[in-house]
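As a basis for the values below, the full set of heavy atoms in this structure was taken, side chains included, without hydrogen atoms, waters or symmetry mates.
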Amino acid sequence: MVRLADIRPDSNVLLMGPGPIGLMALALVKKMGARRVFLSAFARSTARIAVAKQFGVDDVFDPNDTPLGKVDFGCQIDRVLVSTPPATLTDAMQAATKGGIISYIGIRWGQDAYCTFEANDFHFKKLQLRASFASPAMFTPLALQYLREGVVDGDALISHKFGLGQIAEAVDIARDSSRSVKVVVTT
């Protein structure tokens, strides 16, 4: 997702979704020297927002408070990284400036797999939508290398570890984004 977004030092980036993938992308975007980096996250995702702040996000916006197309970022958003459901691509397109690149990773099924958007706005803004489906997992070795070398703080991404006998508790905590980032269950 980050590679496809073509991040440069003059990029102003909006990251949509503070899950583990989005947070790793945030860390990488900061390491690549993006000028400004913003996060769209629900306020209830306090544990994930805390990690985003640790990784150096410039500001966080809750799309429930203000639609992303109406947020004053104080700059033009030329890169949008989306790790949220397909329906949010419309928000990404509204937030992106003319010539912006939207990099997307996400899968849903049934009716949740669809999105609609104003094609003329997409066309006249000269936006690019780049899908980053990760199969085969070509970049997994690189992601693991970044974690091993400390390019991305993997410990910050794992909020809880449980043994297999604690699976019920692990699932309960994983469902609560106010307390969890990534829950790991080991044998």
Side-chain angles (χ1 to χ4, degrees), residues 1-5 7 13-34 36-65 68 79-89 91-92 102-109 112-113 130-187:
M1 179 172 63
V2 173
R3 282 178 175 241
L4 288 174
I7 304 297
V13 180
L14 170 61
L15 177 67
M16 296 173 61
I21 291 172
L23 291 170
M24 187 167 188
L26 169 63
L28 292 172
V29 165
K30 291 296 288 184
K31 295 277 184 185
M32 296 173 85
R36 309 269 319 268
V37 182
F38 303 96
L39 175 65
S40 171
F42 297 120
R44 68 179 177 266
S45 300
T46 53
R48 293 173 176 195
I49 290 170
V51 173
K53 289 179 179 178
Q54 177 184 332
F55 284 177
V57 72
D58 289 290
D59 208 347
V60 180
F61 299 94
D62 185 333
N64 284 334
D65 294 340
L68 293 178
R79 302 292 188 268
V80 184
L81 281 66
V82 183
S83 63
T84 51
T88 65
L89 287 170
D91 298 327
I102 301 166
S103 182
Y104 169 73
I105 187 168
I107 297 173
R108 290 291 194 267
W109 291 267
D112 292 336
R130 300 178 179 181
S132 60
F133 180 57
S135 181
M138 299 182 319
F139 299 111
T140 299
L142 185 59
L144 292 173
Q145 177 184 336
Y146 288 160
L147 292 167
R148 271 193 310 274
E149 293 175 356
V151 173
V152 175
D153 181 0
D155 290 335
L157 296 175
I158 299 172
S159 58
H160 297 81
K161 293 181 183 180
F162 292 95
L164 192 54
Q166 300 169 295
I167 192 82
E169 183 181 359
V171 169
D172 284 342
I173 288 180
R175 287 182 181 150
D176 183 357
S177 63
S178 70
R179 296 189 297 162
S180 69
V181 177
K182 178 72 173 174
V183 174
V184 174
V185 176
T186 60
T187 57

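Surrounding CD1 of I21 are at most 12 heavy atoms belonging to other residues, nucleotides or ligands under 6.0 Å away. Within a 6.0 Å sphere centred on CG of D155, heavy atoms belonging to other residues, nucleotides or ligands number 12 at most.
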Worksheet entry | K161 vs V183, side chain to side chain contact (heavy atoms under 4.5 Å, CB included): CA-CA, chis, key distance, verdict | CA-CA 6 Å; K161 293 181 183 180; V183 174; over 6 Å; no
Discussion item. For I158 and V181: C-alpha separation, side-chain torsions, deciding distance, then whether side chain to side chain contact (heavy atoms under 4.5 Å, CB included) applies.
Written reply: CA-CA 6 Å; I158 299 172; V181 177; over 6 Å; no
Item to complete: Kindly determine whether L144 and T140 satisfy side chain to side chain contact (heavy atoms under 4.5 Å, CB included), including the steps that lead there.
Response: CA-CA 6 Å; L144 292 173; T140 299; 4.0 Å; yes
Discussion item. Side chain to side chain contact (heavy atoms under 4.5 Å, CB included) for F38 and L15? Distances and angles first, verdict last.
Written reply: CA-CA 6 Å; F38 303 96; L15 177 67; over 6 Å; no
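With K182 contributing its side chain and L157 its backbone, the two residues share no donor-acceptor pair below 3.5 Å. Listed for the S132 side chain is a donor-acceptor partner under 3.5 Å among the backbone atoms of Y104. Judged by distance alone, the side chain of E169 and the main-chain N or O of Q166 form no donor-acceptor pair under 3.5 Å. Checked by atom type and distance alone, the side chain of D58 pairs as donor or acceptor with a backbone atom of V37 at under 3.5 Å.
For the pair L4/V2, no side-chain contact is recorded, criterion being any heavy-atom separation below 4.5 Å from C-beta on. Between I7 and R79, some side-chain heavy-atom pair lies under the 4.5 Å cut-off. For the pair L81/M16, no side-chain contact is recorded, criterion being any heavy-atom separation below 4.5 Å from C-beta on. Between L89 and I102 there is a side-chain heavy-atom pair separated by less than 4.5 Å. Looking only at side-chain heavy atoms (C-beta outward), L14 and S40 come within less than 4.5 Å of each other. Looking only at side-chain heavy atoms (C-beta outward), P63 and F42 come within less than 4.5 Å of each other. Within the 4.5 Å cutoff, no side-chain heavy atoms of Y146 are placed close to those of K31.
Shortest non-hydrogen contact noted between A113 and R108 is CB-O, 3.2 Å. When all heavy atoms are compared, the tightest approach of A92 to V82 is CB-CG2, 3.7 Å.
To the nearest 0.5 Å, atoms CG (L142) and CG (L28) are separated by 8.0 Å. Atoms CZ and CG, on R179 and D172 in that order, are 7.5 Å from each other to the nearest 0.5 Å. Rounding to the nearest 0.5 Å gives a distance of 5.5 Å between CZ of R48 and OG of S180. Between the CZ atom in F162 and the CD1 atom in I173 there is a gap of 3.5 Å [rounded to 0.5 Å]. Taking CG of D62 as the reference point, atom CG of L39 lies at 10.0 Å (rounded to 0.5 Å). For the atom pair CG (D176) and CZ (R44), the distance works out to 10.0 Å, reported to the nearest 0.5 Å.
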